[in-house]
Novice: 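The structure is given below, and queries will be raised subsequently.
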Amino acid sequence: MTHFDDSDAMQAASLSARAMAARPMPYLEGLNPAQMQAVQTLDGPVLMLAGAGTGKTRALTARIAHLLAQGKARPNEILAVTFTNKAAREMRERLGRMMGEAVEGMPWLGTFHAICVKLLRRHAELIARQVPQGGELREIHLKSNFTILDTDDQLRLLKQLIQAAGIDEKRWPPRQLAGIIDHWKNRAWTPDKIPAHEAQAFDGKGVALYREYQDRLLVLNACDFGDLLLHVIDILQANDDVLAQYRRWFRYILVDEYQDTNVAQYLWLRLLAGGHKNICCVGDDDQSIYGWRGAEVGNILRFETDFEGAEVIRLEQNYRSTPHILGAASGVIAGNKGRLGKTLWTEAEEGEKVRLIGHWDGDEEARWIGEEAEAMQRGTRGLDPYSLDDMAILVRAAHQMRAFEDRFLTIGLPYRVIGGPRFYERLEIRDAMAYFRLVVSPEDDLAFERIVNTPKRGLGDKAQQTIQVMARANGVSLLEGARLCVRSKTIGGKGGKALGELVDGLDRWRAEMLDGRDHIRLAEEILDESGYTAFWQNEKTPEAPGRLENLKELVKALEGFENLQGFLEHVALIMDNETQAEEPKITLMTLHAAKGLEFPVVFLPGWEDGLFPSQRSMDESGVKGLEEERRLAYVGITRAEELCTISFAANRRVYGQWQSALPSRFIDELPEAHVEVLTPPGLYGGGFGATGMAAAQQSAMSGGVESNLQDKASKADVYNSPGWRRLQANASRPIRQPTEAKNLTIDASAVSAFGEGDRVFHTKFGYGDVTGIEGDKLEVAFDKAGTKKIVGRFLVPAAQAGEVPF
DNA sequence: CGAATACCGTTTTTT
DNA sequence: ACGGTATTCG
């Protein structure tokens, strides 16, 4: 066994650490007393309770700098864990800036998963299982070149196991089983540790399937994301020598976003921090919003008892938001029980109150926010103009974004959506990666299954089953099975020929790779010769051009790596889609995605009971669920630096059905002193001056809407919540009216660019025909997406977008 | 085998 | 309403 071969290096490292001795400490400059304490309390357990916007990353990086400068540890002796690659990258960059060239490395700064992969590659052999194979039990070890499965592979595997067990897939879908296994893994429960009351899961067969799944993974030499952590815990628990080694090695441990840790991560940290207890956890119990995926707020609440003698340091001075915004946020979060408690304060100017406005329906809400954003862009009511980059709309659920997208496309307001599938989990990227995987590891059966009929090669279920049978009968991989099928003509005809070509292609690419051919060229060749590129070129869906674009990006991403193997090693964990700065855009994202971000101007729409707080959350998790929703509200408000606008709609289309709702109970919890109620025109006798064209337009619109909506709730019902009435009584200012004459400004270039009957392309809606022109907006009948009104600058002539007539 | 149709589910998401 | 998937039909 060779897993201790780094120990000499460790010794050397800690010796010269002391030699580094004290140096000037510029990184301490400008820290407030609490931050200073958090930075300088180096030994023993520390809980840094860092409220929103209190400079936690700054303190964290300064702390690392201090550890290094004080000679307490060398860069490779500090374990610094984050949840996301983004957070890890940010910390690394900041540290680099702070320390100059002094730190190269920090090899152990990374996500839980990235660090686990590193550890697991060293000690994979220590993971062993008795797996039934060919009628007897065989001990199988994990090998250090294991592959990391994506969710798709995982699901396919589970589906196979469910089918093999003769379970009805309809009633017991693989997704559900994946969820259950994930839940168990979050708790660090291996198959033999599932408590009795949970063993009934999945028709009583969950545990058995879990066990089979783990067996299969080992045979495939693969891990899912949960395993990365679980295996490392297993190794540390079962091998005292390894544990002791790492406890000595990681002299100081730092953990970011501690409130998001699950049980497995907690156990992992406890194991590693067990000796010296030099662990500093940073977090905010009020921002724990990931309970639904296994995060345990309890971890942070229990910190002081878990780590005896822990020092708790509160960061409470906020550098982000105005007093009104902080006041509103504090008022809401005060409704939660069992908090560790913090009082945020700021030296900032009072600023604007949080604004609250109700709308008749979701479309009107989107319309109002769109116009408000445009007004802020120009500068309104004596406020300086804001860039669209300074504004964000934060929603509870992704489907709320649609109303905004539709509206913004119509008025031509540039927007950007954060979230959605990450680059590497997109269909085309995973397909391409499967090809690469298969070239690098021909025995990767999951990759083979993925691409054997992608692009279509005339190899359907039947042919694929034949390959499976052949492979199993001969005890070889699917690729080899396929080769046998071709040779023996078991699969003949068109499909057989195509399969033969695929097998030959894979052989050829692999040979080229082993010859040391340039991996970028090779990647291009693989995608071209396999027909994958052509497949998307022939596809006429609106997504196709984007997918080809992504494939190009994928090949470009290869530049950063030595070879295909190296690329595949890292890609599953590291790749995200970095969006490059373009023209200013308003940002649209979920509240969850907004955690850790900040914007001068924030809109929080959809504050209606049932939507936010989410009914489902309350049904499933009761008070705990409601409290998590409340923390989400807190997170949302505290994203705002200067101006925060909360809104709700009385009526909303949900799953195609109009539904009315009451204003969110969180609205009732907003302290009056920090809130200004904007009065919607027309709702209270229309006493506010709607004038001229804008008013006419407004009433025309609501009239049109209303007539279609007989079943909507009456206004009186809707605006009757106690909190809303209380706040309404305080209403100070009429709503800003839609801006005069906007529709008279016509973008001449847009008008002249297209004519009726033109064939056009839109990146979201695909191809369509121009059926009408109104001012600067075009009415386009899209082939797939229906008829939309769109500003000309979002459209491209179809021929230019690559559509081939007929 | 591949295209047309029936059916289902529908909060939040990282690695 | 809608989009993804599973089944059915040609």
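Labels below follow one simple rule: chain letters A, B, ... track the order of the sequence lines, proteins then strands, and each chain is numbered from 1.
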Novice: On DNA chain B, does the nearest nucleotide to A/Gly226 precede the nearest nucleotide to A/Ser614 from the 5' side, or the other way round? Give the residue.
Specialist: A/Ser614

Novice: Under 4.0 Å, counting only non-hydrogen atoms across every strand here, what does A/Arg402 touch: a base, just sugar-phosphate, or nothing?
Specialist: sugar-phosphate

Novice: Under 4.0 Å, counting only non-hydrogen atoms across every strand here, what does A/Glu620 touch: a base, just sugar-phosphate, or nothing?
Specialist: base

Novice: When the distance from CG of A/Asn186 to C1' of B/dT13 is rounded to whole Å, what number comes out?
Specialist: 12 Å

Novice: By nearest atom, which of the nucleotides B/dT15, C/dA1, B/dT12 is closest to the A/Arg653 side chain?
Specialist: C/dA1

Novice: Let me know the distance between CD of A/Gln657 and P of B/dG9, rounded to the nearest Å.
Specialist: 18 Å

Novice: Tell me the interatomic distance from A/Leu591, atom CG, to B/dT13, atom P, rounded to whole angstroms.
Specialist: 10 Å

Novice: Of A/Lys462 and A/Trp292, whose nearest nucleotide on DNA chain B comes first from the 5' end?
Specialist: A/Lys462

Novice: Is the NZ or CZ atom of A/Arg630 both under 6.0 Å from the centre of the six-membered ring of A/Phe666 and within 45° of that ring's axis?
Specialist: no

Novice: Whole Å only: how far is the NZ atom of A/Lys159 from the P atom of C/dA6?
Specialist: 5 Å

Novice: What is the distance, to the nearest angstrom, from the NE2 atom on A/His592 to the P atom on B/dT12?
Specialist: 9 Å

Novice: Under 4.0 Å between a side-chain nitrogen and a carboxylate oxygen: does that hold for A/Arg631 and A/Asp286?
Specialist: no

Novice: By a 5.5 angstrom centroid cut-off and a 30 degree plane limit, is there stacking between A/Tyr290 and B/dT12?
Specialist: no

Novice: Any ion pair linking A/Asp224 and A/Lys185 (charged N to carboxylate O, less than 4.0 Å)?
Specialist: yes

Novice: Taking atom types as modelled, is there a side-chain donor on A/Glu296 or A/Tyr266 under 3.5 Å from an acceptor on the other?
Specialist: no

Novice: Between B/dT13 atom P and A/Leu597 atom CG, what is the distance in whole Å?
Specialist: 13 Å

Novice: Per the salt bridge (Lys or Arg N to Asp or Glu O under 4.0 Å) rule, which among A/Arg450, A/Lys159, A/Arg175 passes with A/Asp152?
Specialist: A/Arg450

Novice: With respect to the side chain of A/Lys456, which nucleotide from B/dT13, B/dT10, B/dG2 is positioned closest?
Specialist: B/dG2

Novice: Have a look at A/Phe83 and say if it touches a base, only the backbone sugar-phosphate, or nothing, with a 4.0 Å heavy-atom cut-off.
Specialist: sugar-phosphate

Novice: Under 4.0 Å, heavy atoms only, any strand: does A/Asn453 hit a base, just the sugar-phosphate, or nothing?
Specialist: sugar-phosphate

Novice: Please state how far atom CG in A/Leu611 lies from atom C1' in B/dT12, giving the value in whole angstrom units.
Specialist: 12 Å

Novice: Can you tell me the distance, in whole Å, between the CD atom of A/Glu405 and the P atom of C/dC2?
Specialist: 14 Å

